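Have a look at the structure below before the remarks.
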Amino acid sequence: VVVVGQPTASRTTTVFRSSGDHYLTLSIVMTFICCFCGGLLPIVLTIAAIFVANSAKEDDLRGDEESARRKGRIALILNISAIGLTVVAYAIIIGVAVKVATTTTCYYNTYYYQYTCS
């Protein structure tokens, strides 16, 4: 076998696309946390964030980076809103519990031999 020429050089173009989850993991974790610790509205927000993050991931796979970034930001905003609502709900619950605990006084009545709370 006789080789007459050299193989021609070929160019390869690589297109890099981000493979981030677009806050899908955060949305799923927040849904579980809000399910056990939060109210109904934070759960609704985190479930909506799951759908938006999944849509962002699909847009990224199709190559629509602008839409993927926008939907990823929306998912993040929904998750932050759910966190804020959960914190506010806990602050209200703790505030009411402290108020009730500090305004209730109990004493022992030696005449009737019983505790009385007012």
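Along the sequence shown, the residues carry numbers beginning at 1. From a predicted model like this one, the values you see are computed outputs, not experimental measurements.
The line from OG1 of T110 to OH of Y108 is 7.5 Å long, rounded to the nearest 0.5 Å. Here the CG-CZ distance, from D59 to R69, works out to 12.0 Å after rounding to the nearest 0.5 Å. Considering OG of S55 and NE2 of H22, their distance stands at 10.0 Å, rounded to 0.5 Å. Interatomic distance, K57 NZ to L24 CG, rounded to the nearest 0.5 Å: 6.0 Å.
By the rule that hydrophobic residues join a cluster once side-chain heavy atoms approach within less than 4.5 Å of another member, I74 and L45 end up as members of one cluster. Following chains of ILVMFWY side-chain contacts shorter than 4.5 Å, one cannot reach L85 starting from V44, and the two form parts of different hydrophobic clusters. Tracing side-chain contacts under 4.5 Å through hydrophobic residues (I, L, V, M, F, W, Y), one never reaches I93 starting from V100; they form parts of separate clusters.
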Pair I47-F51, side-chain contact (heavy atoms from CB on, under 4.5 Å): steps then yes or no:
CA-CA 7 Å; I47 290 173; F51 286 116; 3.7 Å; yes
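Residues E66 and R70 are not paired through a salt bridge, judged by the lack of any N-O separation under 4.0 Å between the basic side chain and the carboxylate.
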What pairs of donor and acceptor atoms, side-chain ones from residues 26-42 against any protein atom, are under 3.5 angstrom apart with sequence neighbours left out?
from: S27; atom 1: OG; to: Y23; atom 2: O; distance (Å): 2.7
from: S27; atom 1: OG; to: N79; atom 2: ND2; distance (Å): 2.9
from: T31; atom 1: OG1; to: S27; atom 2: O; distance (Å): 2.7
from: T31; atom 1: OG1; to: T46; atom 2: OG1; distance (Å): 3.1

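In summary, of the residues considered (I92, T86, V88), a side chain to side chain contact (heavy atoms under 4.5 Å, CB included) with Y90 occurs for T86 alone.
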